[in-house]
Amino acid sequence: MAWFEKLVTPPARIATEAVWAVCPACKAYVPREEWNSAWRVCPRCNFHDRLTCRERIELVTDAGSFQELNAHVSFADPLKFEDVSGPYAAKAKATVSKTGLGEAVVTGGAKVDGIPVVLGVMDFRFLGGSLGSGTGDRILLAAEEALRLRQPYIIFSASGGARMHEGIISLMQMARTCAAIARLQEAGIPYLSVLTDPTTGGVSASYAMVGDLNLSEPKALIGFAGRRVIEQTIKQKLPADFQTAEYVLEHGFIDHIVERKAMKRFLASALRYAGQ
Amino acid sequence: MSDIDFNQPLSPWQIVQLARTSGRPLIGDYIQGMCSDFVELHGDRAFGDDRGLIGGFATIGGERVMLIGHQKGKNVEDNIKANFGMANPEGYRKAMRLMKLAEKYHLPVVALVDTPGAYPGLEAEARGQAEAIAKNLTVMATLRTPYVIVVTGEGGSGGALGIAVGDVVLMLQYAVYSVISPEGCASILWRDGKKAPEAAAAMKITADSLLQLGIIDEILAEPPGAAHCDPHTMVQTVKDAVLKHVQALKSLTLDDLTAKRYAKLRRMGSATLA
C-alpha cells in the first residue's frame, strides 16, 4: 500500500476542515498543512486546485516585492443591471466585502527571481473572475505601466469570461485589453500569459491567448464556448479531455504546461531569454 | 413583423426580432447595391475558406476598400453553406489576412457585422476559436489603415467583435449588439431562456442605448417599417455613411489615426478613464 493511499480514509470522525483538506478531484484526505505547503496540489493525483490571487502572488514573486497598482479602481455598474436574483451592484458589493478584492484582477509591480516585472493575477472568487470594466481598466493600466517602465508583463488568467451584468461594456474590455497588449508587442516588450483553471469565453478570446508564450497548469480548463453549449449545438458527446490544458497544447495553442511548484523558476528562465 | 406598431416606441425584444428578420439586407445585398466592383478573396492560407465570413477588394462610390463581413443566406440551403453567419477560426484568420493586406495596399477596411456569434463547435475549439478572435483584436487595434464598422443586423458577442475594432462604429437603427444572446443571458441569469425579452432590456443592446454608452458613434436610420421593407434605401444609407467616414479618416496621418483609435478604445467602456 503506497503511503498516500492511507490518506484516502480520514483517521477519525474528529477530522475537520482545519486539519484535513479534501482533494476536489480524487477526494483524498490530505493533512491541511501539507496541502497548503504544496500550494494546493494534491500529492495523490496532482490536481492543481485554484489559488487566490494573493497565494499566486506569493508563489511567483520574490518575498515582499509586490507593490499593488490601481487598487482604487473597482467595479462599475454602467447598465444599472438587475436580474432575477437582484441588482448587480449589490452582488458586486457583497463580493468586495467577502473577498477583500476591488475587482477580479490584482495588478502591480513585482520581482520574479530578481527580475522586475508588471504582474496581473486574476481571482476566480470575484464573480467567477469575470471581465468587467474595472477588470479591463486594471489590466489596461498595468500594460501601460509595463510599457512606460519597459518591463515584462505577466498575466495569470482565471475567468469564466465576460461579465454579463455589464453587457456590451464587458465585451469591449476584450478590445481595450488587447489594444494595450498590442502596444507592448509593437514596443518589443515581453508579455507572458498563464491560463490557469479556468480560462474561458471572453478572456480566452482576448488577452489570455495572445502571449508571447501561452502557459498553463496541468488539467486546467481552457476553451472558448462552454461544454454544454457545444454539446447542444453539435448534438454529440465531447471527448473527456476536451478543453483541458493538455488538449489545447496538443492542438498548438499552449507553449508549455508548467507544474505549480516549478512556475516561478519557469517564468524567470523565460524572462532571461526574453531579456536578451 | 406585421404585428409591430412603429408609432409606438419599440421594445428591445421587438428590435431583436427586426434584427433577425428575413428579408433584411445581408452582405450580398450590400455588395450588390453599394459596390461598383467586388473581387472576393478566399481562404486563410492554413485550413480552408470560411463561408460564414467573407471579404475582398471592393469599390464603393469610387473609393477602393477592403470589405469584410459575416455572410448569412437568404434561404435554408444558402444559410447552411454560410453556417448561418457563424464563422469558424479560419474565417477570423482569413479576415486577419485581408486586414493586413489592406494595410499593405493602403486600403481602408469596411467591416459589415451580422452574426449570431462565433461558431461553438468541437472543431472550432480544436482549431483555436479563442486564439483566432484574440489575435484579430490585437491586429485591428494597431492596424495602420482606416477601419469603419457597420453593425447591420446581429452583433453577436466575440464573433462580432472579432472583426469590429476600429475607428468608427455605425449601427443600423434596428440592429442589436450584445455580449451574449438575450436567450443565453436569460438561461444563465434568469435560469429560463423564455425570459429573453427581460434580458434583452436589461443588457441594453439597441442602437440608442449603445450610442448613449459611447460604444457606437452613429445610428443609421432605417426606412419606414424597417430595413426589410425597403432594402434599396437601406443599402444607399449605409453606402453614404461609409463613404463619408472613409473619406474623413483618410485625411488623417496614420500616426494620428492609430493614436486616436487607441485613445478611443482606452476611454470606451472604462470604469474610471472616461
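Just so you know, these numbers use all the heavy atoms, side chains as well, and skip hydrogens, waters and symmetry mates. Throughout, protein chains are lettered first and strands after them, A, B, ... in sequence-line order, and every chain is numbered starting at 1.
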- Message: Out of the candidates B/Ile216, B/Val150, B/Leu249, only one should pair with B/Val168 under the side-chain contact (heavy atoms from CB on, under 4.5 Å) rule; please name it.
- Response: B/Leu249

- Item | chain A contacts, top residue of B/Ala141, B/Ser157, B/Gly155, B/Cys185 (heavy-atom pairs, under 4.5 Å) | B/Ser157

- Among A/Met164, A/Gln243, A/Arg227, A/Glu250, which residue forms the greatest number of heavy-atom pairs with chain B at distances under 4.5 Å? A/Met164

- Of the backbone (N, CA, C, O) and the side chain (C-beta and beyond), which part of A/Leu238 lies under 4.5 Å from a heavy atom of chain B, both, or neither? side chain

- Note on the structure: Contacts of A/Glu217 meeting side chain to side chain donor-acceptor pair (under 3.5 Å) (sequence neighbours excluded), chain-then-number -> A/Arg56, A/Arg260

- Query: What part of A/Glu144 lies closer than 4.5 angstrom to a heavy atom of chain B: side chain, backbone, both or neither?
  - Reply: side chain

- Message: With a 4.5 angstrom heavy-atom cut-off, is it the side chain or the backbone of B/Arg191 that approaches chain A, or both, or neither?
- Response: side chain

- Does any donor atom in the side chain of B/Thr253 or B/Asp255 lie under 3.5 Å from an acceptor atom in the other side chain? no

- Toward chain B, the part of A/Tyr207 with a non-hydrogen atom under 4.5 Å: neither

- B/Ser178 versus chain A, heavy atoms under 4.5 Å apart: side chain, backbone, both or neither? backbone

- When you check the gap from the basic side-chain N to the acidic O, do A/Arg50 and A/Asp197 get nearer than 4.0 Å? yes

- Message: I'd like to know if A/Asp83 and A/Lys91 make a salt bridge, using a cut-off of under 4.0 Å between side-chain N and carboxylate O.
- Response: yes

- Note on the structure: Closest non-hydrogen contact found for A/Ala182 with B/Thr138 is CB-O, 3.6 Å

- Message: Assess whether a salt bridge exists between B/Lys264 and B/Asp167, defined as any Lys/Arg side-chain N lying under 4.0 Å from an Asp/Glu carboxylate O.
- Response: no

- Who among B/Met203, B/Glu125, B/Gln129, B/Glu123 has the most heavy-atom pairs with chain A under 4.5 Å? B/Glu125

- Message: Please classify the contact of B/Leu161 with chain A as side chain, backbone, both or neither, using a heavy-atom distance under 4.5 Å.
- Response: side chain

- Task: Tell me, for A/Glu231 versus chain B, whether the close heavy atoms (under 4.5 Å) come from the side chain, the backbone, both or neither.
- Result: neither

- Query: What option among B/Asp192, B/Asn136, B/Ile215, B/Thr258 has the most heavy-atom pairs under 4.5 Å with chain A?
  - Reply: B/Ile215

- Task: Quick one: which of A/Gly202, A/Gly223, A/Gly167, A/Gly132 has the most heavy-atom pairs under 4.5 Å with chain B, could you say?
- Result: A/Gly167

- Item | Side chain / backbone / both / neither for A/Thr177 at chain B, heavy atoms under 4.5 Å | neither

- Query: Between A/Gln185 and chain B, which part of the residue has a heavy atom less than 4.5 Å away: side chain, backbone, both or neither?
  - Reply: side chain

- Which one of A/His165, A/Arg176, A/Met172, A/His251 has the most heavy-atom pairs closer than 4.5 Å to chain B? A/Arg176

- Answer with side chain, backbone, both or neither: which region of B/Ile205 has an atom nearer than 4.5 Å to a non-hydrogen atom of chain A? neither

- Residues A/Asp123 and A/Arg54 bridged, charged N to O under 4.0 Å: no

- Note on the structure: Ranked by heavy-atom pairs below 4.5 Å to chain B, first place among A/Ser74, A/Ala76, A/Ala225, A/Ser170 goes to A/Ala225

- Residues B/Glu183, B/Arg20: salt bridge by 4.0 Å N-O rule: yes

- Ranking A/Ile234, A/Leu141, A/Asp137 by heavy-atom pairs under 4.5 Å to chain B gives rank one to A/Asp137

- Query: Can you say whether B/Leu189 sits under 4.5 Å from chain A via the side chain, the backbone, both, or neither, judging by heavy atoms?
  - Reply: both

- Using non-hydrogen atoms only, which part of A/Glu186 is less than 4.5 Å away from chain B: side chain, backbone, both, or neither? side chain

- Tell me, for A/Ala208 versus chain B, whether the close heavy atoms (under 4.5 Å) come from the side chain, the backbone, both or neither. neither

- Task: Please look at A/Gln173 and chain B and tell me whether the side chain, the backbone, both or neither of the residue comes under 4.5 angstrom of a heavy atom of that chain.
- Result: side chain

- Message: If only side-chain N and O atoms count, and only distance matters, is there a donor-acceptor pair under 3.5 Å linking B/Arg261 with B/Tyr147?
- Response: no

- Query: Can a salt bridge be assigned to the pair B/Arg127 and B/Glu90 using a cut-off of 4.0 Å between side-chain N and carboxylate O?
  - Reply: yes

- When you look at A/Arg150 and A/Glu145, which way does the salt bridge (Lys or Arg N to Asp or Glu O under 4.0 Å) test go after all the steps? CA-CA 8 Å; A/Arg150 299 199 64 85; A/Glu145 185 69 359; over 6 Å; no

- Is the shortest side-chain N to carboxylate O distance from A/Glu166 to B/Lys204 below 4.0 Å? no

- Message: When you measure from the centre of the six-membered ring of B/Tyr262, is the NZ or CZ of A/Arg183 closer than 6.0 Å and no more than 45° off the axis?
- Response: yes

- Of the listed A/Val210, A/Leu79, A/Ile222, A/Val248, the one with the largest count of heavy-atom pairs under 4.5 Å with chain B is A/Leu79

- Query: Between B/Gly162, B/Gly128, B/Gly117, which has the largest tally of heavy atom pairs under 4.5 Å with chain A?
  - Reply: B/Gly128

